[in-house]
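Worksheet: one structure, shown below.
Heavy-atom basis, side chains included; hydrogens, waters and symmetry copies ignored.
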Amino acid sequence: MTTRDDARTAVPPVDGGTTQADKGRDDLLDAVLSVASGLDLTGVLERFVEASVELTGASFGALNVLDARGASTTFVQVGVSPAVAAMLRHAPHNIGVLGEIPDEGVLALDDLTHHPAFRGFPANHPPMGAFLGTAVRVREKVYGYLYLADKQGGFTEADADVVIALALSAGVALANAQLYANAARREHWLRAGQDITTMLLSGVDEEEALAHIAATAREVAGADTAALALPGVGGELVIELADGHAAESLIGSVMPSDGPSWSVMGEGHGLLVESLSQSRVVRVLPMRAFGPAMFAPLQTSGRGVGVLILMRRIGGSAFESSDLVTAESFAAQAALAFVLAEARHAQDVAALLDERERIARDLHDLAIQQLFATGMQLETVRRRAARGVDPSELTSIVEDALDNVDASVRQIRQIVYALRDPDAANGIVERLRREASLARTGLGFAPSFVVMLDGESVPDGDYIEADQIDARIGPDLTDDVVAVVREGLANAARHAQASSVAVRVIVKGQGPTGTVIVEVEDDGVGLPAMRARRSGTGNLAARARQHGGTFTLGASPAGRGALLTFEAPLG
């Protein structure tokens with residue numbers, strides 16, 4: 001092996017005073033900067049191996065990243081054709097000569113086949129002689145090992161210095177890449193938790209939301225399979241949902257009471273399992289077909305909702321403690337959203353029951369009692385008719401009964417209509433006042449609002465006259481009147497550029513001879529000479545025709561602005 005001093009004295013000057021040593025230092029600096037320039041983990045590894053091969057003159061280079069058990073998780077190589085790499089099938093294990101590489105410094109061999117620990121090459125492995133190996137450390141922990149082989153003339157001490165310097169820079173770059181990857185993964189977990197919360201609180205079906213939790217957790221964690229163990233009948237903990245590889249074999253599996261799932265849900269702390277297939281405490285047969293696993297409790301405020309189980313296939317990389325922390329946070333957020341969704345569902349059910357009670361009460365107190373009284377009237381008619389009473393004497397009773405039937409029908413229709421439109425339970429005057437109030441935002445000011453009943457203004461809070469207006473207009477025409485006012489105010493806000501808008505609702509008479517008139521007048525710019533869209537006003541004209549009434553939109557009599565007029569018989 002060439003010593004460091006020999007390498008220095010053998011370097012002749014080049015380029016008018018620039019030595020090969022200077023050029024070597026520049027190349028090393030460029031390589032260090034190249035290795036440390038990115039945050040992508042795979043990119044850092046590839047640049048590190050390529051720079052090591054280039055600077056040392058090796059024919060072959062590889063980086064073997066190992067897990068806690070010494071198994072290869074990532075293998076990056078340079079100098080081997082894809083065909084040969086495919087025939088080798090798997091990365092080398094950390095045994096034999098490779099197991100002799102020190103945690104610090106290098107292992108330099110003129111011919112690795114002469115080392116006492118050499119056990120031969122795997123099948124289809126190309127022959128190699130000169131060898132240089134060193135450990136790559138990240139935060140004082142060995143992350144992997146660099147292998148360089150087949151340099152013409154063997155590796156020098158200068159080569160050893162180069163790979164040590166590169167390994168140090170690679171360790172820093174890998175630490176930064178890991179931090180970046182962990183931050184990105186945490187962000188992904190948080191975003192996934194927010195999506196789950198939004199989904200649950202938006203009223204999505206419970207089973208659909210749980211399936212989404214499993215699928216999202218599997219994707220974010222990089223797991224092959226995700227399962228949700230939830231409390232079932234009889235207090236058992238059962239896998240009710242699974243997503244990914246062999247999911248069907250897991251569904252329906254009952255978790256043993258002394259197994260890891262019950263322990264995680266009871267204690268509220270997650271658990272990492274190196275390999276389910278080799279674990280002595282895992283007795284669920286379908287789960288023993290998996291390797292690394294992670295159990296995260298679905299728990300909030302001391303209440304256990306279930307357990308999220310993430311699994312990788314046998315031979316897959318183990319989950320890390322940082323993975324468990326983020327998975328626990330995601331599971332807790334999902335559990336909280338699930339509990340809140342349950343509470344909201346319970347409130348909805350309670351509200352539905354209250355609404356049913358209200359409907360039953362209204363039907364009993366209003367419609368049914370009125371129909372019962374009508375039945376008694378008709379029974380009186382039947383008895384008197386049986387006694388031979390003059391039919392003319394019964395006419396008034398029958399007419400009263402018919403009026404009561406009509407009133408009952410109207411009452412039932414109003415109750416039913418209120419189910420379709422909760423706002424319809426309010427009277428027309430209240431609804432119109434609210435429309436005027438809501439229009440303040442769009443107009444920039446409050447419009448004036450006047451209701452007239454038979455020539456008299458109806459003051460705010462006069463519920464007796466307001467009830468009379470409701471009785472005369474009826475629910476069907478009420479909706480059209482409200483729609484006319486709403487459209488008129490919206491048009492004024494969009495197009496009029498007005499400083500004042502007046503809404504007038506005039507009710508005259510009752511029955512077929514009575515009328516309701518709606519006027520919306522503004523002092524704005526008036527109507528354009530050419531109107532391209534008429535969808536809104538066209539709808540109002542259709543509403544008027546439906547009731548046998550009229551609709552007009554023209555210039556205001558005041559000479560400025562526009563006047564919308566809707567008129568319909570009360571019916």
Side-chain angles (χ1 to χ4, degrees), residues 68 186 189-190 192-193 196-197 200 206-207 209-218 220-221 223-244 246-247 249-312 318-346:
R186 281 194 298 271
W189 276 112
L190 290 173
I196 294 296
T197 302
L200 282 167
E206 178 182 312
E207 185 171 349
L210 290 173
H212 192 72
I213 289 174
T216 301
R218 180 186 63 79
V220 177
D224 294 308
T225 305
L228 286 174
L230 306 172
V233 179
E236 295 178 328
L237 198 59
V238 183
I239 294 182
E240 295 191 7
L241 283 161
D243 181 83
S249 66
L250 293 166
I251 295 176
S253 299
V254 179
M255 302 292 101
S257 58
D258 58 347
S261 295
W262 274 106
S263 174
V264 166
M265 192 170 80
E267 297 175 4
H269 300 293
L271 175 69
L272 293 176
V273 177
E274 189 173 321
S275 177
L276 293 173
S277 63
Q278 300 177 9
S279 174
R280 296 180 179 179
V281 299
V282 177
R283 298 192 300 277
V284 179
L285 189 60
M287 294 180 67
R288 296 189 67 83
F290 292 89
M294 177 166 57
F295 294 73
L298 290 163
Q299 189 175 64
T300 179
S301 302
R303 175 189 170 187
V305 177
V307 178
L308 171 64
I309 308 171
L310 296 166
M311 297 167 282
R312 289 174 178 159
F319 291 103
E320 299 180 2
S321 57
S322 59
D323 296 324
L324 181 60
V325 171
T326 49
E328 285 179 323
S329 177
F330 169 82
Q333 188 172 359
L336 176 60
F338 188 75
V339 170
L340 291 175
E342 280 186 335
R344 196 188 69 168
H345 177 68

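- Taking the side-chain contact (heavy atoms from CB on, under 4.5 Å) definition, one finds that P256 meets it with D258, R283, V284, sequence neighbours left out.
- In this structure, S253 has no side-chain hydrogen bond (donor to acceptor under 3.5 Å, both in side chains) partners at least two apart in sequence or on a different chain.
- By the 4.5 Å heavy-atom criterion applied to side chains, L272 and M294 are counted as neighbours.
- Across all non-hydrogen atoms, the minimal contact from P260 to L271 is CB-CD2, 3.6 Å.
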List the steps, then state whether side chain to side chain contact (heavy atoms under 4.5 Å, CB included) holds for T326 with V220. CA-CA 10 Å; T326 49; V220 177; over 6 Å; no
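- Within the model, atoms OG of S275 and CZ of R288 stand 8.5 Å from one another, a figure rounded to the nearest 0.5 Å.
- Taking every heavy atom of both residues into account, M265 and V305 meet most closely at SD-C, 4.4 Å.
- Looking at every heavy atom in both residues, A296 comes nearest to V264 through C-CG1, 4.0 Å.
- Taking D243 as the reference, R218 meet the side-chain hydrogen bond (donor to acceptor under 3.5 Å, both in side chains) condition, with sequence neighbours excluded.
- G244 approaches T225 most closely through the heavy-atom pair C-OG1, 4.0 Å.
- Closest heavy-atom contact between F319 and A223: CZ-CB, 4.0 Å.
- Counting heavy atoms from C-beta outward, P297 and E328 have side chains that approach closer than 4.5 Å.
- Under the side-chain contact (heavy atoms from CB on, under 4.5 Å) criterion, A229 pairs with L237, I239, M255, V307, I309, not counting sequence neighbours.
- Residues forming a side-chain contact (heavy atoms from CB on, under 4.5 Å) with V254 (at least two apart in sequence, or on another chain): E236, V238.
- The shortest non-hydrogen separation linking A226 to A214 is CB-O, 3.2 Å.
- Legend: ring-ring contact (aromatic ring centres under 6.0 Å, His included) pairs involving residues 270-295, not counting sequence neighbours, sorted by first then second residue: H245-F290.
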